[in-house]
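Because only heavy atoms are used, hydrogens play no part in the values below, and waters and symmetry mates are left out as well, while side chains stay in. Reminder, nothing fancy here: chain letters follow the sequence lines and each chain counts from 1.
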Amino acid sequence: MPKYTAAKIEKKWQKYWETKKLYETADFDRDKRNFMVLVEFPYPSGDLHVGHWYAFAIPDIYVRYLRMNGFNVMYPIGFDAFGLPAENAAIQRDIHPRDWTKKNITKMSKQLRSMGAAFDWSREVSTIEPQYYKWTQWIFLQLYKAGLAYRAQTFVNWCPKDKTVLANEQVKEGRCDRCGTAVEQRELAQWMFKITSFADRLIDDLEDLDWPEATKLAQKNWIGRSEGAHIRFSVPGQAESHSIEVFTTRPDTIFGATFLVVSPELAQKWIDMGWQAGPDLKDYIARSFKKTELQRQEDVRDKTGISAGFNALNPMSEKEIPVWVADYVLGHYGTGAIMAVPAHDQRDFDFAKKYGLPIKEVILNEDDLKDEANENEGVLISSGQFDGMSSSEAKKKITQALKDKKAGEFQKNYRLHDWVLSRQRYWGVPIPMVNCPTCGYQPVPESELPVKLPPLKDFLPADDGRSPLAKATTWLKTKCPKCDGVAERETDTMDTFVDSSWYFLRYTDPHNDKDFASMEKMARWLPVPLYFGGAEHNTMHLLYSRFITKALRSQNLIDFSEPFLGRRNHGTVLGPDGHKMSKSKGNVVDPDPEVAAYGADAVRMYLAFLGPYNELNAPWKKEGLIGVARFLNRVWYFVHRHTDTKLKSADSQDIKVALNRAAKEIGSQIKQHKFNTGVSHLMKLLNELEDRAGDGRLSKEQYRALLKLIAPFAPHISEELWQTVLGHEGSIHLEPWPEIDESLLAEESVTLIIQVNGKLRDSITIKPGLSEAEARSIVLASDKIKKYLAGGEPKKFIYVQDKLANIVI
RNA sequence: GCCCGGGUGGUGGAAUGGUAUACACGCACGACUUAAAAUCGUGUGCCGCAAGGCAUGUGGGUCCGAGUCCCACCCCGGGCACCA
């Protein structure tokens with residue numbers, strides 16, 4: 001009997017599957033329903049780590065199960081290969097990002113193949129290939145034509161270390177998501193996507209998606225819709241156009257608005273437009289601009305500000321109130337100015353206390369305001385004709401009154417900002433625009449796409465906010481598509497999240513050179529029914545993809561408006577020390593040696609067994625891996641042992657029942673993505689088979705069934721046993737899941753639990769389906785129970801058929 | 001501060017309101033072996049000789065019955081955060 005040597009058989013079968021094109025998916029199969037299982041395509045960072053195995057090899061179990069259940073399953077893979085880390089790594093190693101990235105892709109492709117996953121490599125995409133990014137540029141142009149891509153001068157997040165602009169989503173706690181440097185605010189002209197124009201639908205359409213609630217909530221919070229009023233405070237002695245506009249969610253408290261606060265950004269805008277501000281004020285604005293977002297957040301407790309030196313008119317109370325400039329008001333939210341209601345807003349309260357500004361209560365409150373504002377809604381007081389109204393009623397009435405006075409109206413506001421997609425870095429997709437001195441920015445004609453990334457030698461980022469592409473002097477010079485005059489190409493590249501916002505579309509038609517994907521092929525596969533990935537993408541990739549999908553839909557370029565109908569997040573595998581794996585901690589597990597020693601099947605199955613897929617947060621333990629390898633070894637010998645002699649066809653009933661039940665159970669576990677309990681049921685099954693059939697009573701059909709149940713988890717060993725040992729021609733991975741005989745699922749006997757006052761006292765084996773009366777007489781006849789009853793009658797007898805009887809005494 | 005998750009043996013974890021601790025890992029003992037590894041078998045929540053009692057973060061509650069539902073609190077992880 002040969003030993004189980006995983007490394008040997010795994011290579012063999014991987015080659016076999018590839019030669020037979022076993023996992024290449026047809027666009028159409030008349031007998032099968034199409035189903036795409038999407039996983040987040042990897043970034044080619046260099047080496048495959050355990051996290052990749054977790055992300056790709058575990059969904060593969062589901063993929064294989066679907067295939068066995070008659071689906072035409074596409075399991076595509078590709079590389080998200082542009083981006084900063086590649087560039088930084090290339091700078092460090094003094095090689096070109098393209099060479100570094102390509103080398104990594106080659107290596108990782110090989111490592112990915114060692115998983116034995118059912119990837120369709122014929123559909124592989126790579127975002128750095130011109131035939132891919134041509135369409136990334138094309139999509140940009142469609143959005144530009146639709147007014148959804150635009151260039152604007154705004155305050156943006158600037159990472160001084162990476163020397164590039166960052167989207168809001170890429171700033172975490174005031175720091176660059178990539179390198180951790182404190183982010184600065186810079187006013188720069190940037191290309192933006194108008195994601196805010198879909199804000200409502202991005203929230204409302206979440207409802208119909210089969211996504212984790214946590215992800216939906218994260219997106220809702222991120223978009224941050226709030227409803228309130230947009231209100232104009234006129235400035236006495238100034239024209240209507242010089243009114244100060246504010247947004248508030250509490251128009252019911254407007255009678256308590258005792259001053260206005262304007263953000264430094266808005267004040268600066270006024271100065272630019274000719275407002276004569278004093279030197280102190282200018283100095284304050286300059287100082288607050290110097291603060292990083294981080295410092296600004298640290299100053300929460302101690303608010304600073306300065307009087308603007310003039311008043312505005314409260315349109316409801318018709319009293320003049322002072323205007324202040326303070327950086328606790330954000331320039332980028334709402335109108336950049338607020339009405340301050342210190343009695344009912346803690347921030348305004350702190351500010352009013354510090355600068356001695358009046359505090360006026362307009363919501364009835366039994367306690368005196370001491371150190372805190374009363375932020376609750378309630379009954380209005382000191383609010384003229386609105387006294388006695390509830391906040392919710394007053395919100396409507398006051399908004400209406402403002403509208404009548406032409407001083408305001410109902411408004412929704414969002415925390416979400418437009419997506420800044422310009423990056424001042426080399427390793428990305430060039431933005432297909434041309435800047436002409438006479439015509440301004442003009443789109444590159446579609447016929448000239450792709451605008452290829454020039455092969456620069458010096459691609460280092462610059463401090464001045466200009467992209468390295470500006471150094472490509474010959475590339476830079478072009479002619480204006482409109483006037484034919486001399487013009488320059490746009491030198492910014494796109495955020496890589498643009499590349500990854502549409503890759504799943506390309507999988508349906510990866511070699512199309514006339515279109516990003518044909519409507520017909522997209523219709524066969526999309527929207528994506530199921531997407532596995534990491535929770536870190538909740539408010540980035542997942543939100544961006546939804547936006548691009550909605551934008552393309554709005555231009556009738558696709559005919560669905562949500563990209564991913566189902567989404568499942570996976571958990572994380574920790575290092576053996578129980579901490580998150582990281583190079584600096586030195587606790588990163590390299591899967592390659594484990595695969596070499598125990599096999600891909602063992603690694604896959606161990607990861608599946610480790611814990612619930614969606615919430616795993618457990619350490620990698622070698623002992624656990626060995627445990628699973630031991631199980632596979634037992635499978636190996638179990639199947640071999642009984643083929644040494646001749647296979648017997650005797651169908652023992654209990655084995656048949658066990659296999660049938662396992663097929664049902666394991667199938668249902670996989671369907672629910674409970675891979676860990678799926679594995680445990682396989683183990684249970686083998687335990688039972690060994691106990692009952694140690695002497696070889698399984699029929700050939702029963703061995704077949706056993707291997708089929710193992711196949712999704714351990715595709716190599718099951719193939720080896722299927723073809724080499726059982727002698728089948730053709731792959732086990734083309735076989736259907738064992739048919740389930742419902743009639744065999746019924747139990748012949750069940751254990752009835754007997755409780756007295758809810759405590760377990762006895763258990764008996766009975767035939768299923770006993771009536772309450774039958775059960776009662778059996779239960780009360782039990783010696784153990786008689787002891788508790790002491791001759792008396794139970795007060796109550798609770799019977800759950802085939803499960804339990806509870807006697808209350 | 002607000003909003004989500006989650007606290008179960010020595011460890012990873014299992015459990016439609018109905019036998020808590022399945023399945024593994026680890027450990028102990030045993031078999032095989034000159035020996036070890038591998039493999040196989042038995043045991044393994046805690047207290048107790050036993051009968052029995054106590055255990056799912058803590059304290060209450062609902063229920064015949066609570067890991068599971070409700071209330072309060074503690075701890076851990078995550079998201080958002082001067083968002084008006």
Side-chain angles (χ1 to χ4, degrees), chain A residues 3 172-174 212-222 224-226 228 246-250 253 257 261 263 296-301 303 326-330 332-341 344-348 350-351 375 413-417 535-536 538-539 571-572 574 578 580 606 609-612 614-628 630-631 633-634 637 674 676-687 690 694 751-763 794-800 802-809:
Chain A
K3 260 183 80 176
K172 298 275 134 98
E173 290 173 351
E213 271 319 299
T215 303
K216 293 189 186 182
L217 269 162
Q219 292 210 350
K220 268 185 214 163
N221 290 341
W222 183 261
R225 175 163 65 193
S226 50
V246 306
F247 172 74
T248 180
T249 53
R250 293 295 301 272
T253 63
V261 188
S263 63
R296 211 164 143 155
Q297 281 170 20
E298 279 161 5
D299 291 344
V300 167
R301 300 255 160 255
K303 297 186 171 36
D327 66 6
Y328 81 90
V329 172
L330 305 175
H332 55 69
Y333 182 78
T335 60
I338 59 149
M339 65 174 206
V341 185
H344 306 294
D345 182 285
Q346 190 59 40
R347 295 155 299 184
D348 301 341
D350 294 341
F351 192 76
E375 297 191 337
N413 224 319
Y414 307 90
R415 214 193 63 93
L416 183 72
H417 299 182
E536 68 274 18
N538 280 352
T539 54
T572 41
L574 305 175
K580 206 172 163 172
Y606 167 59
F609 187 49
L610 202 50
N614 60 341
E615 57 187 49
L616 188 81
N617 196 36
W620 171 282
K621 296 273 185 204
K622 188 130 182 176
E623 295 81 9
L625 173 64
I626 293 172
V628 171
R630 208 176 281 165
F631 167 77
N633 220 34
R634 274 167 61 201
Y637 288 112
K674 289 172 148 186
N676 56 329
T677 50
V679 174
S680 80
H681 276 100
L682 272 181
M683 291 174 165
K684 259 192 208 167
L685 175 65
L686 185 66
N687 290 346
E690 284 184 335
T751 306
L752 186 75
I753 300 311
I754 306 176
Q755 298 181 333
V756 176
N757 288 341
K759 288 204 173 182
L760 176 71
R761 294 302 178 194
D762 198 4
S763 67
K795 268 193 210 143
K796 213 167 166 184
F797 184 86
I798 287 136
Y799 178 61
V800 182
D802 300 347
K803 278 228 167 107
L804 144 156
N806 188 13
I807 296 149
V808 186
I809 51 173

Trainee: Tell me what A/Lys580 touches on the nucleic acid: a base, only sugar-phosphate, or nothing, going by heavy atoms under 4.0 Å.
Mentor: nothing
Trainee: Check this one for me: any side-chain N or O of A/Lys796 less than 4.0 Å away from OP1 or OP2 of B/C64?
Mentor: yes
Trainee: Given atom CG of A/Leu616 and atom C1' of B/G78, what is their separation to the nearest angstrom?
Mentor: 15 Å
Trainee: Would you mind classifying the nucleic acid contact of A/Asn687 as base, sugar-phosphate or nothing, using non-hydrogen atoms under 4.0 angstrom?
Mentor: sugar-phosphate
Trainee: Take atom C1' in B/U56 and the same atom in B/G6, then report the distance between them in whole Å.
Mentor: 13 Å
Trainee: Find the runs of at least 3 consecutive base pairs, i with j, i+1 with j-1 and so on, that include RNA chain B, using Watson-Crick or G-U wobble geometry with both distances under 3.5 Å.
Mentor: B:1-7 with B:74-80, B:10-12 with B:23-25, B:26-31 with B:39-44, B:45-47 with B:52-54, B:57-61 with B:69-73
Trainee: Less than 4.5 Å apart, any side-chain heavy atom of A/Phe609 and any of A/Leu682?
Mentor: no
Trainee: Kindly write out the residues that satisfy side-chain hydrogen bond (donor to acceptor under 3.5 Å, both in side chains) with A/Gln346, not counting sequence neighbours, or none if the list is empty.
Mentor: A/Asp350
Trainee: Measure the distance from CG on A/Asn757 to P on B/C63 and round it to the nearest whole Å.
Mentor: 15 Å
Trainee: Starting the side chain at C-beta, find the nucleotide from B/G13, B/G18, B/C4 nearest to A/Val800.
Mentor: B/G18
Trainee: Describe the nucleic acid contact of A/Lys759 in one word from base, sugar-phosphate, nothing, applying a heavy-atom distance below 4.0 Å.
Mentor: sugar-phosphate
Trainee: Return the value, rounded to whole Å, for the distance between atom CG of A/Asn676 and atom C1' of B/C23.
Mentor: 10 Å
Trainee: Round to a whole Å and report the spacing from CD of A/Glu615 to P of B/G6.
Mentor: 7 Å
Trainee: When you compare the side chain of A/Lys580 with that of A/Thr572, does any pair of heavy atoms fall below 4.5 Å?
Mentor: no
Trainee: Can you measure A/Ile798 atom CD1 to B/G65 atom P for me and round it to whole angstrom units?
Mentor: 8 Å
Trainee: Determine whether a donor-acceptor pair (N or O, by modelled atom type, separation under 3.5 Å) exists between the side chain of A/Ser263 and the backbone of A/Gly336.
Mentor: yes
Trainee: Could you state the CG-C1' distance from A/Asn614 to B/C4, rounded to the nearest angstrom?
Mentor: 14 Å
Trainee: Go through B/A24, B/A84, B/A81 for me and flag the one nearest to the A/Phe609 side chain.
Mentor: B/A24
Trainee: Once each nucleotide of nucleotides 37-46 of chain B is scored for protein heavy atoms under 4.0 Å, what B/S/- sequence comes out, 5' to 3'?
Mentor: --SS------
Trainee: Base, sugar-phosphate, or nothing for A/Arg761, non-hydrogen atoms under 4.0 angstrom?
Mentor: sugar-phosphate
Trainee: When rounded to the nearest Å, what value does the distance between P atoms of B/A51 and B/G61 take?
Mentor: 31 Å
Trainee: Remember a base hit wins even if backbone is also touched, and classify A/Thr677 as base, sugar-phosphate or nothing at under 4.0 Å, heavy atoms.
Mentor: sugar-phosphate
Trainee: Rounded to the Å, how far apart are A/Ile753 CD1 and B/G17 P?
Mentor: 18 Å
Trainee: Considering heavy-atom distances to RNA chain B, does A/Gln755 or A/Ser680 have its closest nucleotide positioned more toward the 5' end?
Mentor: A/Gln755
Trainee: Should the ring pair A/Tyr606 and A/Trp620 be called parallel, tilted or perpendicular, given that the plane angle runs from 0 to 90° and is split at 30 and 60?
Mentor: perpendicular
Trainee: Please give, in whole Å, the distance from B/C80 P to A/His417 NE2?
Mentor: 13 Å
Trainee: Show the numbers, then the answer: is there a side chain to side chain contact (heavy atoms under 4.5 Å, CB included) between A/Asp348 and A/Ile338?
Mentor: CA-CA 10 Å; A/Asp348 301 341; A/Ile338 59 149; 3.4 Å; yes
Trainee: Does A/Leu217 or A/Phe247 map to a spot on RNA chain B nearer the 5' end, using the closest nucleotide for each?
Mentor: A/Leu217
Trainee: Using only atom types and a distance under 3.5 Å, with no angle test, would you say the side chain of A/Thr248 pairs donor to acceptor with the backbone of A/Arg250?
Mentor: yes
Trainee: What does A/Gly627 touch in the nucleic acid at a heavy-atom separation under 4.0 angstrom: a base, only the sugar-phosphate, or nothing?
Mentor: sugar-phosphate
Trainee: So what does A/Val329 touch, heavy atoms closer than 4.0 Å: a base, only the sugar-phosphate, or nothing?
Mentor: base
Trainee: Do any of residues 802-809 of chain A sit with a heavy atom less than 4.0 Å from RNA chain B, and if so which?
Mentor: A/Lys803, A/Leu804, A/Asn806, A/Val808
Trainee: Looking only at atom P, what distance separates B/A28 and B/G77, rounded to whole Å?
Mentor: 34 Å
Trainee: When you check the phosphate oxygens OP1 and OP2 of B/G12, does a side-chain N or O of A/Lys622 lie under 4.0 Å from one of them?
Mentor: no
Trainee: According to a strict under-4.0 Å criterion, is A/Arg250 in side-chain N/O contact with OP1 or OP2 of B/A84?
Mentor: no
Trainee: Taking any heavy-atom pair under 4.0 Å as a contact, classify A/Glu623: base, sugar-phosphate, or nothing.
Mentor: sugar-phosphate
Trainee: Please determine whether a side-chain nitrogen or oxygen atom of A/Lys674 lies at a distance below 4.0 Å from atom OP1 or OP2 of B/A15.
Mentor: yes
Trainee: Looking at A/Ile809, is its backbone amide N or carbonyl O close enough to the side chain of A/Asn757 to form a donor-acceptor pair, meaning the two atoms are under 3.5 Å apart?
Mentor: yes
Trainee: Kindly indicate whether the side chain of A/Phe247, heavy atoms from C-beta on, has any atom under 4.5 Å from the side chain of A/Met339.
Mentor: no
Trainee: Using the C1' atoms only, state how far B/G67 lies from B/G18, rounded to an integer number of Å.
Mentor: 13 Å
Trainee: Applying salt bridge (charged side-chain N to carboxylate O under 4.0 Å, His left out), can you list everything that pairs with A/Arg630, at least two apart in sequence or on another chain?
Mentor: none
Trainee: Please answer whether the main-chain N or O of A/Asn538 pairs with a side-chain N or O of A/Gln219 as donor and acceptor at a distance below 3.5 Å.
Mentor: yes
Trainee: Quick one: does any side-chain atom of A/Asn221 pair with a main-chain N or O of A/Ala218 as donor and acceptor, under 3.5 Å?
Mentor: no
Trainee: According to side-chain hydrogen bond (donor to acceptor under 3.5 Å, both in side chains), who are the partners of A/Asp762, at least two apart in sequence or on a separate chain?
Mentor: A/Ser782
